[in-house]
2 protein chains.
Amino acid sequence: MSTAQGARARARTEVTAAIKEEARRHLAKEGAAKLSLRAVARDLGMVSSALYRYFPSRDELLTALIIDAYDSLGEAAEQARDAAADSAPVARWTAVCEAVRGWALAHPHEYALIYGSPVPGYAAPQTTVPAAARVGLVLIGIVRDAREHGGLSELPLPAGLRPEAERMAADLAPELPPESVAALAAAWAQLFGLVSFELFGQFNNVVEDREAFFRHAAMGLAQGVGLR
Amino acid sequence: MSTAQGARARARTEVTAAIKEEARRHLAKEGAAKLSLRAVARDLGMVSSALYRYFPSRDELLTALIIDAYDSLGEAAEQARDAAADSAPVARWTAVCEAVRGWALAHPHEYALIYGSPVPGYAAPQTTVPAAARVGLVLIGIVRDAREHGGLSELPLPAGLRPEAERMAADLAPELPPESVAALAAAWAQLFGLVSFELFGQFNNVVEDREAFFRHAAMGLAQGVGLR
DNA sequence: GTCTATAACGAGATAGAC
DNA sequence: GTCTATCTCGTTATAGAC
């Protein structure tokens, strides 16, 4: 009995994976806006109604793809952090930044899915939040470690931002000073600005040696959050 | 004759504008990937073949929308610069940053068109380049002015980036030191990272007082390029 | 219980004949 | 420029295979 259960569960996992894989291929060809359950089913040799056993709607399939992408990126960031565990915080920071860039270059369509324009008519549910938070948590962790070892500079905080910075700190990283949390959120967005500009073609005719350029910019971000 | 010509030309301009306006509405509803000449024509009470008298293809219509969006944003940035012409470079810098953000919030779908995920199957032609460059040129101009008045700090430049920074400076702003040009390019991308994160929902549950947050981050960008 | 296939719906896009 | 026949889509109901 448990064997039969296992076989069924295994088959289900495999079909689910095959659907997502095919859907990712469609993502690359047509973009998220045009992702169609029917087309995915057709290319898998299935009938569209059969897909509903695995995903209750097109939007749920999209959500699954989004969560997978965030998780894949988050894992890349965590691995880079762990591989640089013995290095100084600044080196760990840049290693994570470069891992984010490397993942984006390797998975451009999944990157566009999560950090590009929103898909019209689709609103990401709260279930995507934990996966989406992983990269940010990695960055927070590096700053926390630096602070514990006295490697964090003090940062200015204008009076107008203090209430919001304190709220953010309470929500995201109570162990950090509010000014660091505000700087972290900015650096986080700026990191993806660099990656998006490279990936989306904004650096064409502008930046050629992107590797060297990015490395320097990531270092600048580290300074911006007070790492030294 | 010249009167008839003028009327004809005026009519053509009006119809062209109406088509673009309708296309922008479609952009908002369905996104750029699904923009279809037919649908635009239908909603204008025209027949699709008539549209080809104004735009030879869907891609050319997209290109026109993209150039318009870049120009509209560039104009907003230039106006903000001019309105703050008497202020210090840092204030001018943040004014331009806030104008970029303001324009993006007011035109989210056009912003997504130019700074979001690339449209599958569409490659922007070189004709978009001058319009796309306008914001960058505004930022360069502020740094140039600051330098002429002694308001620019010296920046570090790692040896590995020097060749690329010199190439960039030669191409983009020969009057500026290479390290400033590299820093400018990074700040430019980071500025749009901040705007994209706010607009694309990445700051949901993270940043609430976006106005104050952005103002502070824009100030940080100014520091990053050496303004003081 | 778990799955796949058939058929259908209502909405919309599209191609081509006229 | 108009009309129609034929496609697509997401989704559901239903029936039957394992």
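A, B, ... follow the sequence lines: proteins, then strands. Residue 1 opens every chain. Computed from a prediction, not measured in an experiment: that's the story for all the values here.
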**Request:** Give a yes/no answer on whether the side chain of B/R42 brings an N or O atom under 4.0 Å of OP1 or OP2 in D/dG1.
**Result:** no

**By side-chain hydrogen bond (donor to acceptor under 3.5 Å, both in side chains) - contacts of B/D82 (at least two apart)** = none

**Message:** Checking the side chain of B/T128 only, and the main-chain atoms of B/I67 only, is there a donor and an acceptor separated by less than 3.5 Å?
**Reply:** no

**Asked** If you measure from the Lys or Arg side-chain nitrogens to the Asp or Glu carboxylate oxygens, is any gap between A/E166 and A/R162 under 4.0 Å?
**Response** yes

**Prompt:** What pairs with A/R210 under salt bridge (Lys or Arg N to Asp or Glu O under 4.0 Å), at least two apart in sequence or on another chain?
**Reply:** none

**Prompt:** Counting only non-hydrogen atoms, which of residues 51-61 of chain A are less than 4.0 Å from DNA chain C?
**Reply:** A/R53, A/Y54

**Asked** So, does B/S117 use its side chain to make a donor-acceptor pair with the main chain of A/S117 at under 3.5 Å?
**Response** yes

**Complete:** Closest non-hydrogen contact found for A/L227 with A/P89 is CD1-O, 4.0 Å

**Request:** With sequence neighbours excluded, give me every ring pair (Phe, Tyr, Trp, His ring centres under 6.0 Å) pair touching residues 12-63 of chain A.
**Result:** none

**Request:** State plainly whether the residues A/R167 and A/E164 are in salt-bridge range, i.e. N to O under 4.0 Å.
**Result:** yes

**Complete:** Closest to the side chain of A/L37, out of D/dC9, D/dG10, D/dG1, is D/dG10

Name every donor-acceptor pair, under 3.5 Å, that has one atom in a side chain of residues 69-78 of chain B and the other anywhere in the protein, sequence neighbours excluded.
| from | atom 1 | to | atom 2 | distance (Å) |
| --- | --- | --- | --- | --- |
| B/Y70 | OH | A/Q202 | NE2 | 2.8 |
| B/Y70 | OH | B/I114 | O | 3.4 |
| B/D71 | OD1 | B/R134 | NH1 | 2.6 |
| B/S72 | OG | B/W103 | NE1 | 2.6 |
| B/E78 | OE1 | B/R134 | NH2 | 2.8 |
| B/E78 | OE2 | B/R134 | NE | 2.9 |
| B/E78 | OE2 | B/R134 | NH2 | 3.4 |

**Message:** Between A/W93 (side chain only) and A/A218 (backbone N and O only), is there a donor and an acceptor less than 3.5 Å apart?
**Reply:** yes

**Request:** Send over the distance from A/K34 NZ to C/dG12 P, rounded to a whole Å.
**Result:** 18 Å

**Message:** For C/dT14 and B/S36 - does any side-chain N or O of the residue sit under 4.0 Å from the phosphate oxygens OP1/OP2?
**Reply:** yes

**Complete:** Its contact letters, B for base, S for sugar-phosphate only and - for none at protein heavy atoms under 4.0 Å, make nucleotides 2-7 of chain D read B-----

**Item:** With B/R58 via side-chain hydrogen bond (donor to acceptor under 3.5 Å, both in side chains) - residues at least two apart
**Value:** none

**Message:** Just to be sure I understand the rule, does A/A11 reach a base, reach only the sugar-phosphate, or reach nothing, if contact means heavy atoms closer than 4.0 Å?
**Reply:** nothing

**Request:** Before accepting this row, confirm whether a basic side-chain N of the pair A/D43/A/R25 lies closer than 4.0 Å to the acidic partner's carboxylate O.
**Result:** no

**Prompt:** Using a heavy-atom distance cut-off of less than 4.0 Å, which residues of residues 13-32 of chain A contact DNA chain C?
**Reply:** none

**Counterpart residues, side-chain hydrogen bond (donor to acceptor under 3.5 Å, both in side chains), relative to A/H109 (two or more places apart)** = none

**Item:** Between B/Y122 and B/T63: side-chain donor-acceptor atoms closer than 3.5 Å
**Value:** yes

**Request:** Both distances under 3.5 Å, Watson-Crick or G-U wobble: on that basis, could you give the dot-bracket string for DNA chain C, with [ ] for crossing pairs and | for other-strand partners?
**Result:** |||||||||.||||||||

Using nucleotides 16-18 of chain D, report all nitrogen or oxygen pairs with the protein that are shorter than 3.5 Å.
none

For residues 180-197 of chain A, please give each side-chain donor-acceptor pair under 3.5 Å, one per line with the distance, not counting sequence neighbours.
| from | atom 1 | to | atom 2 | distance (Å) |
| --- | --- | --- | --- | --- |
| A/S196 | OG | A/Y111 | OH | 2.8 |
| A/S196 | OG | A/F192 | O | 2.9 |

